[in-house]
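Okay, structure first, notes after.
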Amino acid sequence: MPVFALVDCNSFYCSCEELINPKLKGRPGVVLSNNDGMAVAINRLAKELGIGLDAFHLNRSKWDSMGVWYRSSNYPLYAEMSGRVMSTLKTFSPLVELYSVDEAFLDITGVQDYEAYGRLIKQTIEQWCGIPVSVGIARTKTLAKLANHLAKKSKKNRSGVISLVDSPYMEAALKRVPVQSVWGVGYRWGERLRHNGILTAHDLAMANRNWLLKKFNVVLTRTALELGGTFCLPLNLHPPTSKSIMHSMSFGRLLTELKELRQVLSTYAAASAEKMRREELACTWVYVFLETNRFRDEPQYNPWIKLQLPHATDFTPEITEYALHGLEDIYKDDYRYNKGGVLVHGLIPAGERQTNMFDPWDREKVARINQALDGVNSIFGPGTMRLGSQGFRNSNWRTRANHLSSITAPGKGSEFQHNPRMVELGQSVPLYRSL
DNA sequence: TCTGGGGTCCTAGGACCC
DNA sequence: TCTGGGGTCCTAGGACCC
C-alpha cells in the first residue's frame, strides 16, 4: 500500500506577495484577479474577517477601513516561487506529481515516521522558499487531500502536518469533514448527496457503491472508495500533453467596435499559438467566443464558433486569420462586449503533422518565422514582435493591473538573499527579468 | 469604469458502419 | 411480446479541479 503526502502552499499568491514585501505580513490581504476584478486569493487574517471571493470595486473602501492590503496578480512571480517550491519537494521523493501551481503529491511510501517526515518537508520549504505550507499524509490521494484540509483547519493541531496512515483517528477525521469539502465533490453533488442523507466524508465512505454508481458515476464512486482506503488514483508523474489551450480575458472596458475586437482577439490568438508552440503542438480546430457583461441589466449575447482547419498548424498568422473570420461571423454591432477568447483544440504533436498538397504555406519558411518570433519575444517580452492586427501595446482595451507589486532590486527588501540554496537551484533569473 | 482564467473527465445520444 | 445488433466516433453538456 502506497503512502502519499499532499503538500499545499497556504494562500499561495498572498504568501508570495508577503515574501517580497515583508511589511504585508501580519495584516489581512488579498490578491486580485486579472483586471483587478475580484479577490482570488485571500490570506488567513482576511478570511477571518469574512472576506471571500468578492468584487474589488464593491468592497474597496470597506477593505481600506479594515486595513486590508491588496495586490494585482503577478503571475511571473507566482510561477517563479512555484518552481522553487517544486524543486525543493523533489529533494524529498523521486516520485512527485505537480498537481497545480501551489500543490504537489509525493509518494513517500516506506518512510519510517510519516508525520516527522511531513514536518521536515514543511520546515524545509519554509526555510528555503519562505512559503508556508500544510502537509496531509495518507494511503490514498483523496485521503491525503482530506488530511491536508484538516491540517489547515485544525485548532488543536497547529503543526500544519497531519498523517492519517494507520491512524486510530481515521473515523473521527472522516466524520469531521462535511461531504462537500471532499476533493472531487463539488457544490452540485454535495447538495444531491446531502438530500440523500450523506452529510460527511464518513457517510460517503460508507455509502453503497452500486447506488453511487447508478445515481452518480464512476468518478464519485472512486472518490468514495478512496475515502474508504482503497487506492484508486495513481500519481501522474508526467504532465499530460494539453488537449486544448485557451486564452481569454475580460476587456479593460466594454467594447462595441469590430475594429477593436479584431485587435483583442488577434492578441489572444497569438498568445494561444505561442503557448501551443512552447508545448510543440499544432491545432486542428480554433474556437472563438465573445461575451457581454452578465452582471449588467442589458441585452446579453454570448456567441461562439468553431472552425475546423484544413490542416494542423502552429503558425500565428494562420490561426489569427481563422479566429478573425470566426469573429466576423459571430459579431453583432448592437451589443457591448466584456470578454472574449480564443481556444485551440484538436492538438497533435507538431512533428506528426500530415502534409497537404493544397497548403498555401511553405512550411520550412513558417518554421523559421516561428523561431524568429518566439526567439525575439522570449528575450524582449511577449508581444514585442507581433502582427499588425494586434494593435498597439497601450491600447486601452488591455486589462487593468493597478496594484502590482514591484521589486526595485533583486532580493532587496525580500528574503531571497537569505536563501543561498535557492541560488543553487538556478531559478532566480526569470523573475527579475519578467518583473 | 469595475464581478477570473484555464483546464480535465465522463456520459448520453446521434450518426454512421457492417 | 419480440421489427437486428454490435460497434465506433463525435459532440454537447454537465460535473469537477485550482
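Order of the sequence lines sets the chain letters (A, B, ...), proteins ahead of strands, with each chain counted from 1.
The nearest pair of heavy atoms linking A:Arg277 to A:Asp374 is NE-OD2, 2.7 Å. Contact detail for A:Ser72 and A:Leu404: the closest heavy-atom pair is OG-N, 3.6 Å.
Defined by atom type and a distance below 3.5 Å, a donor-acceptor pair is present between the side-chain atoms of A:Ser134 and A:Asn10. Counted by atom type alone, A:Ser250 and A:Asn338 present zero donor-acceptor pairs between their side chains at under 3.5 Å. Judged purely by distance below 3.5 Å, without hydrogens or angles, the side chains of A:Glu318 and A:His311 pair a donor atom with an acceptor atom. A donor atom on one side chain and an acceptor atom on the other are not found under 3.5 Å apart for A:Asp107 and A:Ser93. Looking only at atom types and distance, the side chain of A:Thr142 has a donor-acceptor partner in the side chain of A:Glu226 under 3.5 Å away.
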*Classify every nucleotide of nucleotides 1-13 of chain B by which part a protein heavy atom approaches to under 4.0 Å, writing B for the base, S for the sugar-phosphate alone and - for neither, in 5'-to-3' order.*
BBBBSSSSSSS--
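Rounded to whole angstrom, the span from the NZ atom of A:Lys145 across to the C1' atom of C:dC16 amounts to 12 Å.
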Kindly list each side-chain donor-acceptor pair under 3.5 angstrom involving residues 320-329 of chain A, sequence neighbours excluded, with atom names and distances?
| from | atom 1 | to | atom 2 | distance (Å) |
| --- | --- | --- | --- | --- |
| A:Thr320 | OG1 | A:Thr316 | O | 2.6 |
| A:Glu328 | OE2 | A:Arg262 | NH1 | 2.5 |

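When heavy atoms are screened at a 4.0 angstrom cut-off, A:Val31 is found touching no nucleic acid atom at all.
Between B:dC17 and C:dG4, the distance separating the two C1' atoms is 14 Å to the nearest Å.
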*Would you sketch DNA chain C in dot-bracket for me? Only Watson-Crick or G-U wobble pairs with both distances under 3.5 Å count, crossing pairs as [ ], other-strand pairs as |, the rest as dots.*
....||||||||||||||
